[in-house]
Amino acid sequence: MNARFEKRLLVVWLVLSAMTIAQLGVASVDRQAALTPNVEITSSAILLALIKVRIIFRQFMEVRHAPVLLCRLTDLWLVVTGATLLGCYLAGRLA
Amino acid sequence: MRRTDGEVLLLGALPVVGVIWLSAFLLFPGFVQPMSPTMSAEEVAAFYRDPENLPRIRYSMILFNWFAVGFVPILALIVLQIRRMAHRTPIFSYAILACAAGGPTIFLMANLFWLLAAFRPMRDPQLTLMFNDLAWVTFSSQVGFLIAQSVILALAIYLDRQERPVFQPWVAHFNLVVAALLIPSAFTGAAMTGPIAWDGLLTFWVRNVAIGLWIIVMAVVLGRAIKRQRAEDEAVAA
Amino acid sequence: MSASAMGNVPEEPPGSLLRRIAWHWRYDEKRELWIGWWTLVVFYNLYGLLFFVITRTQPPPEPSLGSSEVVEWFADRRHGLVYGYAIVFIVGGATAIMNATLAYSMRRMSVSRAFAYSYLVIYALATLPGMLIMGVACTVGAMRPDRDPELMRWLYDFAFLSFEGTMGVFLVGSLVWMLAVLLDENGVFPKWFGYLNLCNALTEVVVAPAWIFKSGAFAWNGTIAWWINMGVFVTYTIVFLTLLRRMILREDFGTGPLPDLSPGRAPAPSGLLKAAR
Amino acid sequence: MTTGADTERLFPEGEIRTVSGGAAQPARFVPGQPDMWVFVFFEALVFTAYFTVYIVSRSRSPDLFLKSQAHLNLRVGVFNTLVLLASSWAVARSVQAARERSFRSALTNAFLTLFFGFVFLVSKVLEWAAEIGQGFTFTTDEFFSFYYFLTAIHFIHLLIGFIVLTVAVYQLWSPARRSQEVIETCATYWHTIDFLWVLIFALLYVMR
């Protein structure tokens, strides 16, 4: 296989795995028997997940070589999903 | 050349099935003098508990259970005749096949509710009343597939544009009239008395006579169409 | 519209709808397909009107109502239920011609006839859980307001669970259609419609918890079991109606002879028509 | 919308698509059938809807959700994610290898994907068994309803994914087939399973 491409995919996978471990770190903060609501943990968990999804889109699913329309649509979905999820969560915390 | 002997046999079986239907119809005590929707729960329970009625209810409904699907072969024969019509797509024959699957299933549901009501007549009269209502409403109001098959057949006949059409136009007109006669009984839930109540003139008598007439007329015209088909096939073979 | 085999065909007349319909009835070679398509469009609109406005059974009420509340529920919409479902019973059989049209789309594909036949039979069955059982249960409930309240609640459960809880027919039906579209080489429908069928099938799975929950997102009136499912289904329906219309517009019967007439009365059908038959 | 045929015209048989970011950058293309992206977007939107319902339900009774959430095994969740990411990596390698006509390597990577998918499947079943063993079922409370619902609907996508991968393996198996378009379409489906899980993991296991 094209060595350059192989290396690139490996790096992508390692980065994604490292981010997952980072999420484990985030989730372990202040983790006692009784969990408490935490805006920072939630926000960073969702944001990290969305960044991971974007990396999967662009690298694994090859959206970076796809027509601009597809790039825009995937990014639009990420923004809409992120805004909806965080928006609903924060609205619920404030209420 | 494909032989039509099997089709003749299926058609020949129809009078036999017809006699069985008629006897089951006359055997069921709730049909000869149709049960009124105004009967109270106790009266309905008493109807099922009556030792005169109970065996007749059970045996007539078992007969219907056996032979309700006897309707399907006629529809299958109609499908075959529609396929001989001058159409560009098989849509009409498919549609009649779809009706053939739907109609008897619904009648069997009504049959099931009657048999359930008769299975343990000693249960709470309210339960017997509910099964009886379910049976009668299903039996009376479910005319959708019958209407659809008449209307589809009529459309198919009108669009059969060839020199010697498979069925004469009057068969299509007749089917539309039958479809129209079936419509009022869909409203049977709206009235406990009067013509559209399930024992009323329109819902019970007109509807069932229309269905019976439809079966007889269609059997006759099918017989003639198949006879003509056989003659044509023989002429080609000769 | 292609010219008819009859020879001179007058142009489609301008003017009133009735005259145009008469022209299509007389000369349009795709009339059988258009009858099917218009039945689909009219039926789905009528279905929406009957279920959402006249009977007011959709969006569904709560499964958690007490039996006395169920009695009230029936009493509230008594006439809507009885007359609305009567109309449902009259037009319910129209599904036969609709499903025949959809099955025909599969006959146009380069796939086995088994797909069209399966679809036809599956959806002929679908009318029962799709609307007729619910109609019978609601009619029986509305007929006798003085019935035992517990039995009224049984009828209420019977109505809504038969309607929402029996999605297997739609699940398998969508999968059959999906497979036909993906295997087809005639391009009757675009491939993405095949994948959309899978999306629809997956949301039919999601309705199953309605058998288990009496409240919340998974109950028969829940956000997931009903609202999202309905949103997907409506999108799917609009898409397939549009695609079916395009298929009919593309369909070219030409001026060829009719297919499969009795021997001795018509010339042999052309290849295209054979495929259509 | 472009069709697969257009893609085929852009990259005729035998020409290797060099997507390594070099100077000879070919025209932009959609991997596989563009049609599959309709599925990806539709499912993505449906899942956004499910997630929204979940977060809204959560904010109605945060304490109940947090209390039940504490019973999930975070490490199993992380393991699941890592395994699925590895499977996505393997299928991406498979696509690249097929593109370069090294079908042996492509097939090996496709089997590797199947293997990782299978590991995910087993670990998911074991996780469910463990939760049920502790008495947490679909009807225990609202959190567990959502937990089983989201993981199960994802699991169904995974099961369909095995069929999809089988199609890819079937294509790679014989020199008579090997449609690059079909292989790429299958890969796009498999990545969808992956990215949906990444979100499910964050929402069920990590967020508070």
Side-chain angles (χ1 to χ4, degrees), chain A residues 1-6 8-10 12-13 16-17 20-21 23-24 26-28 30-39 41-50 52-54 56-57 59-68 70 73-74 77 80-81 84-86 88-89 91-93 95, chain D residues 2 16-22 25-26 28-31 34 37 40-41 44-45 47-48 51-52 55-56 58-60 62-63 66-67 69-70 74-75 77-78 81-82 85-86 88-89 91-93 95-97 100 102 105 184 187-188 191-192 194-195 198-199 201-203 205-208:
Chain A
M1 210 188 295
N2 183 320
R4 227 176 127 175
F5 202 92
E6 193 172 353
R8 187 183 182 112
L9 285 177
L10 182 68
V12 169
W13 176 56
L16 286 170
S17 303
T20 308
I21 304 293
Q23 275 178 317
L24 174 65
V26 169
S28 308
D30 196 19
R31 195 176 176 87
Q32 299 135 3
L35 297 177
T36 48
N38 189 322
V39 176
I41 290 181
T42 305
S43 314
S44 55
I46 293 177
L47 284 177
L48 271 174
L50 289 170
K52 278 161 73 183
V53 172
R54 189 162 191 274
I56 295 172
F57 277 151
Q59 306 295 327
F60 283 165
M61 298 171 94
E62 302 184 79
V63 169
R64 72 206 151 98
H65 297 296
V68 182
L70 196 61
L73 280 176
T74 49
W77 177 76
V80 167
T81 305
T84 317
L85 297 186
L86 284 173
C88 288
Y89 176 77
R93 293 285 336 127
Chain D
T2 53
I16 295 164
R17 291 183 204 173
T18 48
V19 279
S20 48
Q25 190 67 255
R28 287 177 168 266
F29 70 97
V30 178
W37 279 92
V40 174
F41 275 109
L45 284 172
F47 270 87
T48 303
F51 295 153
T52 309
I55 291 201
V56 170
R58 217 185 139 101
S59 65
R60 285 206 194 118
D63 296 338
L66 283 167
K67 193 163 157 276
Q69 190 184 359
L74 187 60
R75 278 164 213 288
V78 171
T81 315
L82 291 176
L85 287 171
S88 242
W89 172 57
V91 83
R93 281 169 57 92
V95 165
Q96 185 56 27
E100 291 165 15
S102 45
S105 157
E184 288 174 5
T188 303
H191 293 306
T192 307
D194 187 26
F195 84 71
V198 165
L199 283 166
F201 167 70
L203 294 178
Y205 294 80
V206 186
M207 82 172 274
R208 286 190 198 167

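Values below: every heavy atom of this structure, side chains too, minus hydrogens, waters and symmetry copies.
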task = Could you have a look at A:Val80, A:Thr42, A:Val26 and say which one has the most heavy-atom pairs with chain D under 4.5 angstrom?
result = A:Thr42
query = How are the rings of D:Trp37 and A:Phe57 set relative to one another: parallel (under 30°), tilted (30 to 60°) or perpendicular (over 60°)?
reply = tilted
ask   = Quick one: of D:Ala92, D:Ala187, D:Gly77, who has the most non-hydrogen atom pairs under 4.5 Å with chain A?
value = D:Ala92
request  = Find the distance between OG (A:Ser44) and CE (D:Met207) and round it off to the nearest 0.5 Å.
outcome  = 11.0 Å
query = Less than 4.5 Å apart, any side-chain heavy atom of A:Leu85 and any of D:Leu203?
reply = yes
ask   = Side chain, backbone, both or neither: which part of A:Ile56 has a non-hydrogen atom closer than 4.5 Å to chain D?
value = side chain
message = Heavy-atom pairs under 4.5 Å with chain A: which of D:Val95, D:Leu85, D:Val78 has the most?
response = D:Leu85
ask   = Quick one: side-chain hydrogen bond (donor to acceptor under 3.5 Å, both in side chains) partners of A:Thr20, sequence neighbours excluded?
value = A:Lys52
request  = Measure the shortest side-chain to side-chain distance between A:Met61 and D:Thr192 over non-hydrogen atoms and say whether it is less than 4.5 angstrom.
outcome  = yes
key: Top of A:Leu73, A:Ile21, A:Thr84 for chain D proximity - count of heavy-atom pairs under 4.5 angstrom   = A:Leu73
message = Under a 4.5 Å cutoff for heavy-atom pairs, which residue among D:Val56, D:Thr52, D:Leu74 has the most contacts with chain A?
response = D:Leu74
query = Just by distance, do the side chain of D:Arg208 and the backbone of A:Ala27 share a donor-acceptor pair under 3.5 Å?
reply = yes
query = Distance-only, no hydrogens or angles: does the A:Tyr89 side chain make a donor-acceptor pair with backbone N or O of D:Ser59 under 3.5 Å?
reply = no
inquiry  = If the condition is side-chain hydrogen bond (donor to acceptor under 3.5 Å, both in side chains), which residues does D:Thr48 pass it with, not counting sequence neighbours?
reply    = A:Trp77, A:Thr81
query = Less than 4.5 Å apart, any side-chain heavy atom of D:Leu199 and any of A:Leu50?
reply = yes
inquiry  = Quick check: do A:Leu70 and D:Phe41 have side-chain heavy atoms less than 4.5 Å from each other?
reply    = yes
note = Note: D:Ile55 and A:Ile46 closest approach over all heavy atoms is CD1-CD1, 4.5 Å
